[in-house]
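What follows is a set of notes on a single structure, which appears directly below.
These numbers were taken from a predicted model, which means no experiment stands behind them.
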Amino acid sequence: MIENLKPKEATAIINSLIGGVVPKIGIQHITVGRSEEIDAVVAALEDVKNGHSMVKFWIGDFGSGKSFILHLLNTVALKQKFVVAKADFTPDNRLYANDGKGLALYSAIMDNISIQTKPEGGALPTLLEKWIEQVLTKTAEENQLPLHSIRDEANLPLVQNAIMKTINELSDAGGFDFGTVVLKYYQAYISGDDMLRRSALKWLKGEYSTRTEARQDLGVREIINDLNYYDMLKNFTRLFVSMGYSGFMINLDEAINLYKISTAAMREKNYEKILSIYNDCFQGKVSNLFFNFAGTFEFLQNERRGLFSYNALKTRLETNKFETAGIRDFAQPVIRLLPLDNNEIFVLLKKLKLIFDFNYKTEININDDDILSFMEEMFNKPGADEFLTPREVIRDFLNILNILRQNPDLDKNRLFSQVQISDERPDDLILDGIEEL
């Protein structure tokens, strides 16, 4: 049995992996072969905790474990008392835009904010309320007032001044409106005004599309938009640190969608934004901020459309020339995810068999020798060397377990022999690769 595995985690692991996605919870139970990467991240988190900032690029083939590693970073960072958020790049979510797509990425980040007590996201209201309680306690102490009376209307000016003073100390850009909205949130929190609270939250999450609407609801002149959302992320980072958190980690997956932007000028603007974030973090212009990008080798290395097409990024992100498959440098910004070896995949499949049995309260008749037979069938199929990914191995294995659970008399070896290898890369990338041959 796997130690400390909860039923909810087991169900999430099995259902997610069968669906071809990484589970949101319980990921620590299926981690194999990434100990060096985790050690490097723990060391990096320590630096960020001490006021530095960091950018890492996690690069690997489709299905090689990029999303898995981001979820793992999420779990590790939460334990180190970081606020963590994740978002995927999509055709409608990107770093730079002038039609709301940058703001859409910001909104996705704010929607997915997690803390250790709310690891599945949606923690922004919890954080705001926790911060307000801290301000109330501090204001009561500074003015020698009993804590229960600081919420009285007579003391509202004291609290307003304390909130604005704190926000002004924390904010670079957009501080006044940010402070005004947090004040509105405080008023709603104290009075129980759900409508005002929702409006304040809507502004902070970047969900207002017009200044007019925001002015009517909240009395502010500006809204968060494509051009200023990054400043707002920096403001939130300072706010979280002022509350006692270690920092703010932002994990951005599916970076291949930046590579796929059709117009060269817009693609370059997005890469320029990555360069700006990179420079801010490594030149000490921001503190306690940790960005992780996950993408394919095409996203990084393609000199026509990838990050290497932007020379300022290419010079920063080229691999340490002394690194080999056996001698790794995890301190550099780009970490290439090497495939799991056969021993690691065997350990992973053994763990998944235990989790599957625990989840379904069953005992599927598959032993270690059977797992080795399944692996041998998969790895000896035509195309396995080129196209086989951990994701496909896992999904086929769990699908076979499901068939055997429901049809226990079936011949498992016959099922093993029926596995097929397919190319999981998106069609447009395959075509793009052919164009460049």
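- Scanning both residues, Ser67 and Val22, for their nearest heavy atoms gives CB-CG2, 3.6 Å.
- Looking at heavy atoms from C-beta onward, Ile277 lies out of side-chain contact with Phe282 at the 4.5 angstrom threshold.
- Partners of Asp194 according to the salt bridge (charged side-chain N to carboxylate O under 4.0 Å, His left out) rule, which considers only residues two or more places apart in sequence or in another chain, do not exist here.
- The distance from the OG atom of Ser107 to the CG atom of Leu204 is 11.0 Å, given to the nearest 0.5 Å.
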side-chain contact (heavy atoms from CB on, under 4.5 Å) between Phe248 and Arg238: does it pass, once the steps are laid out? CA-CA 9 Å; Phe248 190 14; Arg238 294 187 192 97; over 6 Å; no
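- Among all heavy-atom pairs drawn from Ala214 and Ile223, the shortest one is CB-CG2, 3.4 Å.
- Partner of Phe397 under the ring pair (Phe, Tyr, Trp, His ring centres under 6.0 Å) criterion, chosen from Phe416, Phe374, Phe346: Phe374.
- In plain terms, the two heavy atoms of Arg151 and Tyr186 that are nearest each other are CA-OH, 4.3 Å.
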side-chain contact (heavy atoms from CB on, under 4.5 Å) evaluation trace for Leu196 with Leu218: CA-CA 8 Å; Leu196 183 60; Leu218 296 162; 3.9 Å; yes
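- Contact annotation: the side chain of Ile69 approaches that of Leu337 to within less than 4.5 Å [non-hydrogen atoms, C-beta and beyond].
- By the 4.5 Å heavy-atom criterion applied to side chains, Val76 and Phe82 are not counted as neighbours.
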Mind running side-chain contact (heavy atoms from CB on, under 4.5 Å) on Phe356 and Ile13 for me, showing each step along the way? CA-CA 9 Å; Phe356 187 94; Ile13 289 167; over 6 Å; no
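- The pair Glu303-Lys314 counts as a salt bridge, with a side-chain nitrogen and a carboxylate oxygen less than 4.0 angstrom apart.
- For the atom pair CZ (Arg267) and CG (Leu307), the distance works out to 11.0 Å, reported to the nearest 0.5 Å.
- Salt bridge annotation for Asp253-Lys66: absent, with no cationic side-chain nitrogen under 4.0 angstrom from a carboxylate oxygen.
- Of the possible polar contacts, one joining the Thr11 side chain to the Pro7 backbone as a donor-acceptor pair under 3.5 Å is found.
- Glu120 is linked by a side chain to side chain donor-acceptor pair (under 3.5 Å) to Lys8, counting only residues two or more places apart in sequence or in another chain.
- Of the N and O atoms on the side chains of Gln80 and Lys49, at least one donor lies less than 3.5 Å from an acceptor on the other residue.
- In this structure, Asp357 CG and Leu401 CG are separated by 7.5 Å, a value rounded to the nearest 0.5 Å.
- Distance alone, capped at 3.5 Å, is enough to place a donor-acceptor pair between the Ser53 side chain and the Val286 backbone.
- Between Tyr189 and Tyr185, the ring planes are parallel. Angles under 30° get that label, and only those over 60° would be called perpendicular.
- Of the possible polar contacts, none joining the Thr139 side chain to the Val159 backbone as a donor-acceptor pair under 3.5 Å is found.
- Interatomic distance, CD of Glu376 versus CG of Asn342, reported as 10.0 Å (0.5 Å rounding).
- Between Ala104 and Asn93, the shortest heavy-atom distance links the atoms CB-OD1, 3.3 Å.
- When the options Leu300, Asn302, Asn270 are evaluated for a side chain to side chain contact (heavy atoms under 4.5 Å, CB included) with Tyr259, the one that passes is Asn302.
- Listed by chain and residue number, nothing satisfies the salt bridge (charged side-chain N to carboxylate O under 4.0 Å, His left out) test with Asp193 (two or more places apart in sequence, or in another chain).
- At distances below 3.5 Å, at least one donor-acceptor pair connects side-chain atoms of Asn112 with backbone N or O atoms of Lys86.
- Between Lys353 and Glu363 there is a salt bridge, since a side-chain N of the basic residue sits under 4.0 Å from a carboxylate O of the acidic one.
- A salt bridge links Lys350 with Asp368: at least one charged nitrogen is closer than 4.0 Å to a carboxylate oxygen.
- Using modelled atom types, no side-chain atom of Arg197 and backbone atom of Ala188 make a donor-acceptor pair closer than 3.5 Å.
- You'll find the side chain of Phe240 stays beyond 4.5 Å of the side chain of Ile115, heavy atoms only.
- Glu133 has no carboxylate O lying under 4.0 Å from a charged side-chain N of Lys138, or vice versa, which leaves the two without a salt bridge.
- Listed by chain and number, the residues in a salt bridge (charged side-chain N to carboxylate O under 4.0 Å, His left out) with Asp280 are Lys234 (sequence neighbours excluded).
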Chi angles and distances behind the side-chain contact (heavy atoms from CB on, under 4.5 Å) call for Leu201, Leu128: CA-CA 9 Å; Leu201 205 55; Leu128 289 170; 3.8 Å; yes
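- Panel note: side chain Asp370, backbone Asn367; a donor-acceptor pair is recorded below 3.5 Å.
- One finds the CZ atom of Arg94 at 14.0 Å from the NZ atom of Lys273 (value rounded to the nearest 0.5 Å).
- Taking the side chain as every heavy atom from C-beta outward, Leu127 and Leu239 never approach each other to under 4.5 Å.
- Residues Gly121 and Ser114 share a closest heavy-atom pair of N-OG, 3.2 Å.
- Nearest heavy atoms, Lys118 versus Gly122: NZ-O, 3.6 Å.
- In this structure a side-chain-to-backbone donor-acceptor pair under 3.5 Å is present from Lys412 to Asn365.
- Annotation: cation-pi geometry satisfied between Lys81 and Tyr245 (NZ/CZ under 6.0 angstrom from ring centroid, within 45° of ring axis).
- Between the Asp226 side chain and the Asp99 main chain, a donor and an acceptor come within less than 3.5 Å of each other.
- Formation of a donor-acceptor pair under 3.5 Å by the Asn257 side chain with backbone atoms of Phe89 is found in this model.
- Tyr96 has its side chain out of reach of Tyr271: every pair of non-hydrogen atoms, C-beta onward, lies at least 4.5 Å apart.
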Taking distance alone, no hydrogens or angles, what donor-acceptor pairs closer than 3.5 Å link side-chain atoms of residues 402-409 to residues at least two apart or in another chain?
{"from": "Asn402", "atom 1": "OD1", "to": "Arg405", "atom 2": "NE", "distance (Å)": "3.2"}
{"from": "Asn402", "atom 1": "OD1", "to": "Arg405", "atom 2": "NH2", "distance (Å)": "3.0"}
{"from": "Gln406", "atom 1": "NE2", "to": "Asn402", "atom 2": "O", "distance (Å)": "3.0"}
{"from": "Asn407", "atom 1": "ND2", "to": "Ile403", "atom 2": "O", "distance (Å)": "3.0"}

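- Leu258 is listed as a side-chain neighbour of Ile274, based on a closest heavy-atom distance under 4.5 Å.
- Side chains of Lys205 and Ile224 form no contact here, defined as non-hydrogen atoms less than 4.5 Å apart.
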Review item, side-chain donor-acceptor pairs of residues 288-295, under 3.5 Å, at least two apart:
{"from": "Asn288", "atom 1": "ND2", "to": "Val48", "atom 2": "O", "distance (Å)": "2.9"}
{"from": "Asn288", "atom 1": "ND2", "to": "Ser246", "atom 2": "O", "distance (Å)": "3.3"}
{"from": "Asn292", "atom 1": "OD1", "to": "Trp58", "atom 2": "NE1", "distance (Å)": "2.9"}
{"from": "Asn292", "atom 1": "ND2", "to": "Asn251", "atom 2": "OD1", "distance (Å)": "2.9"}

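- From Thr296, atom OG1 reaches atom CD of Glu254 across 9.5 Å, with rounding to the nearest 0.5 Å.
- Between the side chain of Thr315 and the backbone N or O of Ala312, at least one donor-acceptor pair lies under 3.5 Å.
- Ring orientation note: the planes of Tyr106 and Tyr229 are tilted relative to one another, at an angle of 30° to 60°.
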